[in-house]
Amino acid sequence: MIITENALLLYRNRPHYPSQKSNSEEIVKIVKSIAKSALLAGMVAGASTVAIAGGHGFKCQVSEDSMAKPGGFPDRALTMIVPYGPGGGSGQVAAAMAKAVTDLTSVDINRDHKPGGSGSVGTTAYMAMPADGYNVLEHIDDASSAHALDSSKVNPAVDLIPLVVSQVTFSQIYIRTNEDRFTDWKSFVSWVKAQGGKATIANVSAEGSMERVTMKFITDASGMEIQQISFDKGAPRYGALLGGQVDALFEQPGDVKKFLDAGNFKPILTIFNERPKAFADVPTHMEMGMNFEPLLRFRGFYVNAKAPADRVKWLQWAFQRAYCQDSYQKYNESKFMTVIDSYRDTEGAKKLINQSINQYREVYKQMGMAVK
């Protein structure tokens with residue numbers, strides 16, 4: 001069940017809410033094969049990207065350290081549309097990439113956050129902007145899943161040109177460290193089951209999103225019912241857990257690192273096949289009896305496909321080379337973004353996006369959702 005932050009108080013007082021458990025075994029089988037393919041693709045790509053050279057155990061795939069500006073482009077600052085708030089994962093990676101591009105090229109980037117509709121508000125605003133190369137878009141896998149559900153929505157591999165995918169990561173479930181109603185995944189599930197459908201978890205999600213599909217697998221496998229509260233902005237999402245407005249949080253570890261470092265949040269479940277070293281004490285969903293393969297989050301940067309080709313080529317160089325900047329590599333390392341390979345160039349990103357669209361579309365059909 002997905003509700004918005006504005007409806008949180010109303011939903012907390014609702015009576016028992018029925019869950020959907022149909023086709024769960026079939027769906028788990030399909031997503032298991034889907035995520036295995038995605039994870040394998042990431043591992044194969046990672047083998048070609050990671051090398052012993054470089055200060056961070058990584059070899060840059062872009063050899064040119066400079067590129068002439070085509071016709072003087074750009075001669076002014078770029079604008080980066082970010083379809084989520086500045087405090088969440090998208091806001092953080094947008095800031096890190098903008099700094100890296102500016103450090104590399106001396107071209108400023110003005111970030112314009114347009115949250116709402118799980119990315120759809122920002123995407124719509126971006127597509128209405130001039131396709132002159134001066135406007136770029138940050139977006140996540142939600143753009144791919146949204147297109148898979150409704151083909152009239154922007155296809156990030158066709159209507160946009162991916163400049164670079166710079167983060168691929170896994171998700172976790174968090175509770176407050178000072179929580180006294182439950183302390184780990186097993187006690188959390190027991191507590192949620194006793195609440196009669198009134199327990200809540202915060203995330204950023206829309207129909208068919210990675211969060212929503214994953215939570216369906218979790219609730220089906222664990223037999224619990226929990227209300228999903230959607231926040232497009234990171235600050236209110238994290239504040240909802242800190243302030244006790246929600247009982248748990250679905251998020252990626254890099255996005256909440258400062259809360260982990262401060263001892264505010266505690267991960268109780270890792271949605272990944274193996275325990276990453278940084279979370280060696282946190283059980284995986286597999287260990288907790290949930291037999292599905294994890295869907296991964298990816299974040300990248302795009303330009304309108306109608307932009308002039310020579311400008312697109314310069315932007316591809318700038319963003320792919322910026323990924324190699326020391327500041328960006330340190331940022332990714334600090335956010336647990338090196339557990340699996342986070343880099344895709346334009347062709348690699350298109351392959352990842354197209355694969356994700358096809359995979360999500362098959363999942364939705366099996367779930368009985370109306371795929372347009």
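Counting from 1, the numbers follow the sequence of the chain as shown.
Here salt bridge (charged side-chain N to carboxylate O under 4.0 Å, His left out) pairs that include residues 82-102, with residues two or more places apart or in two chains, are Lys99-Asp103.
Cluster annotation: Val136 is not connected to Ile140 through the hydrophobic network of ILVMFWY side chains, with a link wherever side-chain heavy atoms come within less than 4.5 Å. Residues Phe250 and Val192 share a hydrophobic cluster, clusters being chains of Ile/Leu/Val/Met/Phe/Trp/Tyr side chains in contact below 4.5 Å. One hydrophobic cluster holds both Ile173 and Met210 under the rule that ILVMFWY side chains link at heavy-atom gaps under 4.5 Å. By the rule that hydrophobic residues join a cluster once side-chain heavy atoms approach within less than 4.5 Å of another member, Val121 and Tyr302 end up as members of separate clusters. When the side chains of ILVMFWY residues are joined at heavy-atom separations under 4.5 Å, either directly or via intervening members, Met337 and Val168 end up in two distinct hydrophobic clusters.
Paired with Asn203 under the rule side chain to side chain donor-acceptor pair (under 3.5 Å), one option of Gln228, Arg237, Glu251 passes, and it is Gln228. Phe279 pairs with exactly one of Phe336, Phe272, Tyr174 by the ring-ring contact (aromatic ring centres under 6.0 Å, His included) rule, that one being Phe336.
In the model, Tyr126 has no side-chain atom that pairs as donor or acceptor with a side-chain atom of Asp112 under 3.5 Å. Remark: the Gln92 side chain and the Lys335 side chain contain an N/O donor-acceptor pair separated by less than 3.5 Å. A side-chain N or O of Asp247 and one of Thr200 form a donor-acceptor pair less than 3.5 Å apart. In this structure, a donor-acceptor pair under 3.5 Å is present between the side chains of Thr270 and Gln172. A donor-acceptor contact closer than 3.5 angstrom links the side chains of Ser90 and Glu138. Side-chain contact check for Gln252 and Ser171: at least one donor-acceptor pair (N or O, by modelled atom type) lies under 3.5 Å. There is a side-chain donor-acceptor pair under 3.5 Å between Asp142 and Tyr84. For Ser166 and Tyr328, the side-chain atoms include at least one donor-acceptor pair closer than 3.5 Å.
For Met97 against Ala322, the heavy-atom pair with the smallest separation is SD-CB, 3.8 Å. Nearest approach of Gly87 to Tyr238, heavy atoms of both residues: O-CE1, 3.6 Å. Annotation for Val165 and Ala349: closest pair CG2-CB, 3.6 Å, computed over non-hydrogen atoms. Listed here is the closest heavy atom pair of Asp232 and Pro115: CB-CB, 4.0 Å. Between Ser118 and Ser230, the shortest heavy-atom contact is OG-OG, 4.2 Å. Closest heavy-atom contact between Val154 and His147: O-CB, 3.5 Å.
Side-chain atoms of Trp317 come within 3.5 Å of backbone N or O of Glu64 as a donor-acceptor pair. Formation of a donor-acceptor pair under 3.5 Å by the Arg361 side chain with backbone atoms of Val371 is not found in this model. Checking side-chain atoms of Tyr134 against main-chain N and O of Asp75 turns up a donor-acceptor pair under 3.5 Å. Remark: the backbone N or O of Lys186 is paired with a side-chain donor or acceptor of Ser190 at under 3.5 angstrom. A donor-acceptor pair under 3.5 Å is formed between the side chain of Thr177 and the backbone N or O of Asn264. At least one donor-acceptor pair closer than 3.5 Å links the side chain of Asp141 to the backbone N or O of Phe298. Within the 3.5 Å criterion, the main-chain N or O of Gln227 finds no donor-acceptor partner in the side chain of Lys198. Listed for the Thr102 side chain is a donor-acceptor partner under 3.5 Å among the backbone atoms of Val107. Arg321 contributes a side-chain N or O that, together with a main-chain N or O of Val62, makes up a donor-acceptor pair within less than 3.5 Å. Proximity of a side-chain donor or acceptor of His285 to a complementary backbone N or O of Phe292 within less than 3.5 Å is detected.
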>> Could you walk me through whether Asp108 and Leu78 satisfy the side chain to side chain contact (heavy atoms under 4.5 Å, CB included) test, starting with their C-alpha distance in whole Å, then the side-chain angles of each, then the deciding distance to 0.1 Å, before giving a yes or no?
In response: CA-CA 6 Å; Asp108 291 332; Leu78 305 177; over 6 Å; no
>> Quick one, Arg275 with Asp281, criterion salt bridge (Lys or Arg N to Asp or Glu O under 4.0 Å). Give me CA distance, side-chain angles, the key distance, then yes/no.
In response: CA-CA 8 Å; Arg275 294 191 186 196; Asp281 296 332; 5.4 Å; no
> Should Arg297 and Glu211 be marked as a salt bridge (Lys or Arg N to Asp or Glu O under 4.0 Å) after you check the CA-CA gap, both sets of side-chain angles, and the distance that decides it?
Replying inline: CA-CA 9 Å; Arg297 167 121 292 159; Glu211 290 95 336; 2.6 Å; yes
> Please walk me through it: do Leu137 and Met80 pass side chain to side chain contact (heavy atoms under 4.5 Å, CB included)?
Replying inline: CA-CA 5 Å; Leu137 173 70; Met80 179 186 290; over 6 Å; no
> Asn332 and Gln167: side chain to side chain donor-acceptor pair (under 3.5 Å), yes or no, with the steps?
Replying inline: CA-CA 8 Å; Asn332 254 10; Gln167 288 189 337; 3.1 Å; yes
> Checking side chain to side chain contact (heavy atoms under 4.5 Å, CB included) for the pair Phe301/Leu315: CA distance, chi angles, key distance, verdict?
Replying inline: CA-CA 10 Å; Phe301 300 87; Leu315 290 168; over 6 Å; no
> Could you go step by step and tell me if Val303 and Leu163 meet the side chain to side chain contact (heavy atoms under 4.5 Å, CB included) rule?
Replying inline: CA-CA 7 Å; Val303 66; Leu163 301 173; 3.8 Å; yes
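We find the CD-CD distance between Glu333 and Gln329 to be 6.5 Å, quoted to the nearest 0.5 Å. Between the CD1 atom of Ile175 and the OG1 atom of Thr183 there is a distance of 6.5 Å, given to the nearest 0.5 Å. Note: Asp184 CG to Glu179 CD = 11.5 Å, rounded to the nearest 0.5 Å. A distance of 12.5 Å separates OG1 of Thr214 from CZ of Arg212, quoted to the nearest 0.5 Å. Rounding to the nearest 0.5 angstrom, the gap separating the CG atom in Asn155 from the NZ atom in Lys350 is 10.0 Å. Rounding to the nearest 0.5 angstrom, the gap separating the CG atom in Asn273 from the OG1 atom in Thr284 is 7.5 Å.
Between Phe188 and Trp185, the angle of the ring planes lies from 30° to 60°, which puts this pair in the tilted group. Taking the six-membered ring where the residue is Trp, Phe73 and Trp314 present perpendicular rings, their angle passing 60° and hence far from 30°.
Ring centroid separation for the pair Tyr323 and Phe319 does not come in under the 6.0 Å cut-off.
Side-chain contact between Ile226 and Met215: present, with at least one pair of heavy atoms (C-beta onward) separated by less than 4.5 Å. Under the 4.5 Å side-chain criterion, counting only non-hydrogen atoms from C-beta, Phe259 is not in contact with Leu241. When side chains are defined from C-beta on, Val82 does not count as touching Lys114, because their heavy atoms never get closer than 4.5 Å.
Within a 6.0 Å radius of NZ in Lys313, no more than 12 heavy atoms belonging to other residues, nucleotides or ligands are found. For Glu287, the CD atom sits in a packed shell: over 12 heavy atoms of surrounding residues, nucleotides or ligands are nearer than 6.0 Å.
Using a cut-off of 4.0 Å between Lys/Arg side-chain N and Asp/Glu carboxylate O, Arg299 and Asp255 are scored as salt-bridged.
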